[in-house]
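Bear in mind the structure is a predicted one, so any value in this text is a computation, not a measurement.
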Number of protein chains: 2
Amino acid sequence: MKIPLQLNFPLVLESSTLRNCSGCSMHQICLPAGLNEHQTRLLSQIVVHKKIAKDSYLYRIGDPFTALYAVRVGHFKTYQENLAGNRQINGLQMSGDLLGMDAISSARHQCDATALEDSEVCVIPYAQLETLFTEMPILMRHFHRVMSKEIIGEQDVIMILGNMYAEQRFAAFLVNLSTRYALRGYSPTRFQLRMTREDIGNYLGLTIESISRMIAKLRKNGLIEVRQRDVELLDLAALKKLAAGMDISDTSPISICVTSAEAEANYLLPQPVQQPYSLIQG
Amino acid sequence: MKIPLQLNFPLVLESSTLRNCSGCSMHQICLPAGLNEHQTRLLSQIVVHKKIAKDSYLYRIGDPFTALYAVRVGHFKTYQENLAGNRQINGLQMSGDLLGMDAISSARHQCDATALEDSEVCVIPYAQLETLFTEMPILMRHFHRVMSKEIIGEQDVIMILGNMYAEQRFAAFLVNLSTRYALRGYSPTRFQLRMTREDIGNYLGLTIESISRMIAKLRKNGLIEVRQRDVELLDLAALKKLAAGMDISDTSPISICVTSAEAEANYLLPQPVQQPYSLIQG
DNA sequence: CGGTCGATTGAAAGCACTCAATCGGGGTGG
DNA sequence: CCACCCCGATTGAGTGCTTTCAATCGACCG
């Protein structure tokens, strides 16, 4: 049953320090979270790095599933395609995120995954990872949490697509990015959109034109500032209100600051659990 | 680390035969799939049954997470609520389906789960289940497949909500039910809708009126017959075409039968992988 | 300095929603 | 046993949000 922990891939791809998870800035967010130094090293030993150029595939629908991928550097999008040829982006992954978990059940990838920019991933051979699970229950438990978070993230997308207007969807998208970047130590109010308007629209079940209009609307209302891909969130509290399904459009511009502050306070009260990856809360 | 396999709950709730997974008609679909007799018994020992009356909660948002639940009898829906009070149904579970996996990451339930009819579940204490994982890698691997399927199922919902018209959404819903019932040995063309029109509409990001109209439309086109909750799929191939994102409305009624047959043949060709739980394929 | 691709903006159309009235089955009480 | 009520479902008319179509703008690049 147990597969010996040996490396069956070139060892010279990267220096050993680079392949050490404990030296990775994302190790608190990624798979090694909670592992001690020894355990982290065991995990590191089955991992190999791989560069993915912008717009190229990490994997494609139907590819045999051999490994999970953790984003080290860059961003990815995952999307599926139906028989009519329509694409639907169902995920946006950034550093520390895990890709490919939907392929476990069928042993084939269910999505296409492409790099939004020049990126780098950790290749985690799945058979070896499962072997590690039996030896490291801590790792196994954390993996279950990661998969659970993936489920929650998709439930949030479902909430957005099933229940919200264009403005709310886009606000939820921005708040989600904000929260995830904050978790990674980046600015929660200033970041680059890695997706094109078209991708964002596809992701949110809208058209590129609608995204443009929502950007114009939020900017006009003083909630955001956008220059090309560069975004600044000027009123995160108001955006969170929108993302929570509340309509602030009928609030006069002057009182937005006040209500936003109140909202921020109230916002934290009835909330059951804050999910780091949540699109609709956080 | 390891928790001794002892029962710390009343043993008299049900007869021991009832708690034996191997005697359950869903054991091929549910968690014990792939386990031998001995392993199945080990799993059975940590499971206890629980009845859930119609319209009552299996769990609520914020409840501490202690166990997963496998549906033995009946149907459930899961839904979340945003701060504005809007609900979004994000799952429909039937016998053999597992509930509660989204709660693993935060140790609190992320959804409300209510019974659509008088139902019965297997309570699977999660801490004990994880202990079993370390002793039974087969069980662990299957659990990962189950979680992976959950992810795929939600990706399919995302595809539906993000990309499809009302008619296609409803067709996809019917095809999904058809496939899942077939997998359980029930008729793929004749079944009861356990959800109200309102629930179906909420699940599909539509209103109750739209569902009514789509039922009328599909019925008029001869694809389905509906009486109250009783549904019969008269042209499953055409429904699958619709669910795959293709529009068959401009096809003349007479030629539908022909094109449907052709579609059925073509349908199976380019398809990457058929997922049993898939809403959009299968 | 064009060329290209992404983004913006406007006008018109379409699909689903909202509002409202009606229908109909199932349960209850007289 | 029937009348009534209640709630889910159906159907129609009008509205509205988003899409579609089209033109223009603008940044990046060779």
Problem set entry | Whole angstrom value for the distance that separates C1' of D:dA9 from CZ of B:Arg229 | 10 Å
Seminar exercise, completed: Rounded to whole Å, the CD1-P distance (A:Ile208 to D:dC21) equals 15 Å
For this session: Using a heavy-atom cut-off of under 4.0 Å over every strand shown, decide if B:Ser212 touches base, sugar-phosphate, or nothing.
Result: base
For this session: Please determine if A:Asp230 and A:Arg190 form a salt bridge, counting it only when a charged side-chain N lies under 4.0 Å from a carboxylate O.
Result: yes
Exercise. Are A:Lys217 and A:Glu167 close enough for a salt bridge, meaning some N to O gap below 4.0 Å?
Worked result: yes
Problem set entry | Minimum heavy-atom distance between A:Leu234 and A:Gly222, given as atom pair plus value | CB-O, 3.4 Å
Between the side chain of [X] and the main-chain N/O of [Y], is any donor-acceptor distance below 3.5 Å?
X	Y	value
B:Ser119	B:Glu117	yes
A:Gln168	A:Gly245	yes
A:Asp97	A:Met94	yes
A:Arg229	A:Arg227	no

For this session: Give a yes-or-no answer on whether the side chains of B:Gln155 and A:Asp102 include a donor-acceptor pair shorter than 3.5 Å.
Result: yes
For this session: Applying side-chain contact (heavy atoms from CB on, under 4.5 Å), name anything that partners A:Ala70, two or more places apart in sequence or on another chain.
Result: A:Cys30, A:Leu98, A:Cys122, A:Ile124
Seminar exercise, completed: In the 5' to 3' direction, the nucleotides of DNA chain C bounding the stretch that comes under 4.0 Å of a heavy atom in chain B are C:dC15 to C:dG25
Seminar exercise, completed: Under a 4.0 Å heavy-atom criterion, the protein footprint on nucleotides 14-20 of chain D, written with B, S and -, is ---SSBB
Problem set entry | Pair A:Tyr69 + A:Phe76: ring centers closer than 6.0 Å | no
Polar atom pairs (N or O), protein with nucleotides 27-30 of chain D, under 3.5 Å:
none

Problem set entry | Degree of bending in the helix from C:dC1-D:dG30 to C:dG30-D:dC1 once both end axes are built from five pairs, to 10° | 30°
Problem set entry | A:Asp112: side chain to side chain donor-acceptor pair (under 3.5 Å) partners, not counting sequence neighbours | A:Arg60
Exercise. How about B:Tyr57: does its OH atom have over 12 heavy atoms from other parts shown lying under 6.0 Å from it?
Worked result: yes
Problem set entry | A:Phe191 and A:Tyr181 aromatic ring geometry - parallel, tilted or perpendicular at 30°/60° bounds | tilted
